[in-house]
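So the structure is just underneath, and the comments pick up after that.
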Amino acid sequence: MNEIVTLISAALLVIGSLFALVASVGLVRLPDLYTRMHAASKAGTMGACLMLIALAIHAADFGTMSRALAGVVFFLLTAPVSSHLLAKASYAVGYRLHSSSVMDDMAPKDQAK
Amino acid sequence: MSLLLVNVLLALVWTAVSGSFSFLNFAFGFVLAIFALSLIREQVGSVGYFSRARRVLSLFLLFIYELVLSAWRVATTVLSPRMDIKPGIIAYPLKVDRDFEITILANLITLTPGTLSIDVSDDRRILYVHAMDASDPEATKRDIAEGFERKIMEAFR
Amino acid sequence: MSADIILDYAVTLALATLCLAFFVTIYRIIKGPTLPDRILGLDMLVAIAIGFIAVIGIKTGFTLYVDVAIALGLVGFLATVAFARFVLSRGKTEDDLLSEAREAAAAARREAKAASRAENRERQHSTRSGQ
């Protein structure tokens with residue numbers, strides 16, 4: 001039983017760190033701010049949450065486990081809010097989409113301003 | 001909501017009676033309390049509590065599934081040697097109208113495959129969504145409407 | 001016993017991967033053409049740092065690290081929110097316009113080069129088929 005828990009947390013650690021790596025590679029490779037935001041807000045959140053869950057199931061006592069899970073919930077709640085705010089602010093200021101974008105439903109409103 | 005409180009209280013009573021306050025014992029007590037409440041659901045009127053709990057749970061499971069899927073989708077997109085993506089911003093007409101529901105929908109959209117919520121129009125009717133693959137906007141809108149929005153309306157109405 | 005050894009290897013592997021992710025993100029922060037790109041990079045760094053803390057927490061067995069991770073998440077969230085407000089109030093600077101123009105020029109050049117290459121290929125093809 002104990003060994004299985006250890007193995008699961010080891011697997012979660014490796015998978016989580018790989019997701020973090022993928023997120024940062026995406027941050028470098030993707031063409032514009034908004035697509036980069038996809039990588040950071042999904043793969044990055046996923047990576048950090050998986051590693052916190054690994055910590056939660058590795059520590060067997062109630063206090064640590066509940067705090068780690070609270071951290072996961074907290075991170076899941078705040079990550080979309082912060083990326084949403086950043087996207088909204090930078091769109092309102094006028095950072096444009098990359099030239100490979102195919103459509104922009106928000107644009108007419110901006111031109112009318 | 002008060003039934004949830006009763007549920008937690010019953011679980012705490014179970015941990016107190018059985019004398020060990022560990023996480024597993026608390027979870028077991030919670031399951032026992034759910035069982036006890038489901039036995040007397042006709043008497044205390046907790047039928048709605050159970051169906052709502054089931055719907056919230058199914059929303060939660062859908063969310064976890066979509067989060068894993070979206071992280072995987074981002075990973076394959078990023079690691080493919082030739083990235084041909086067609087990003088774009090889609091205007092999504094909202095059916096939910098309460099602030100709370102719009103917040104949950106926007107958060108869920110951000111954490112699901114290929115979409116990122118950017119802005120809500122001032123009259124709260126349109127959600128602007130940035131999609132990684134905007135070659136077929138109608139399909140994306142249909143996915144959101146039939147997936148999360150329907151589940152949210154089921155769970156919180 | 002063998003499970004513990006596997007966990008040791010996993011911890012080392014995770015630390016190495018996280019280090020790599022950290023440096024790749026720092027490359028984006030240094031290079032990132034605009035301010036929001038850099039803010040996004042900092043947000044990502046917070047996520048990676050939380051990962052580091054979780055790995056170290058498993059490695060050393062100190063449970064106090066969980067509190068550090070939660071506090072770091074809070075601070076990172078507030079910092080990103082504050083930065084977003086700052087971007088909104090500051091607007092675009094000349095620097096941004098300059099780098100955007102440079103990028104657009106580079107894209108146009110790339111496009112023109114691709115078009116001329118395609119044209120060349122077309123011409124060669126037509127002459128060959130003409131012969």
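- When each of L21(A), V28(A), L27(A), V25(A) is paired with V78(B), the side-chain contact (heavy atoms from CB on, under 4.5 Å) condition holds for V25(A) and for no other.
- Within the 4.5 angstrom heavy-atom criterion, only side-chain atoms of S83(A), from C-beta onward, approach chain B.
- No side-chain heavy atom of Y34(A) sits under 4.5 Å from any side-chain heavy atom of I89(B).
- Of the two parts of A131(B), only the backbone, made up of N, CA, C and O, holds a non-hydrogen atom closer than 4.5 Å to a non-hydrogen atom of chain A.
- Here the straight-line distance linking atom CD1 of I118(B) with atom CG of L86(A) works out to 10.5 Å at 0.5 Å rounding.
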Without placing hydrogens or testing angles, list every side-chain donor-acceptor pair under 3.5 Å for residues 66-75 of chain B, not counting sequence neighbours.
residue, atom, partner, partner atom, Å
S70(B), OG, E66(B), O, 3.4
S70(B), OG, L67(B), O, 2.9
S70(B), OG, L111(B), O, 3.3

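- In plain terms, the two heavy atoms of H130(B) and T35(A) that are nearest each other are CE1-CG2, 3.9 Å.
- Here the closest non-hydrogen pair linking D119(B) and K88(A) is OD1-NZ, 3.1 Å.
- To the nearest 0.5 angstrom, M37(A) atom CE is 10.0 Å from T110(B) atom OG1.
- Taking T115(B), N25(B), T77(B), L79(B) one by one and counting their heavy-atom pairs under 4.5 Å with chain A, the maximum is reached by T115(B).
- Remark: I4(A) CD1 is loosely packed, at most 12 non-hydrogen atoms of other residues, nucleotides or ligands lying under 6.0 Å away.
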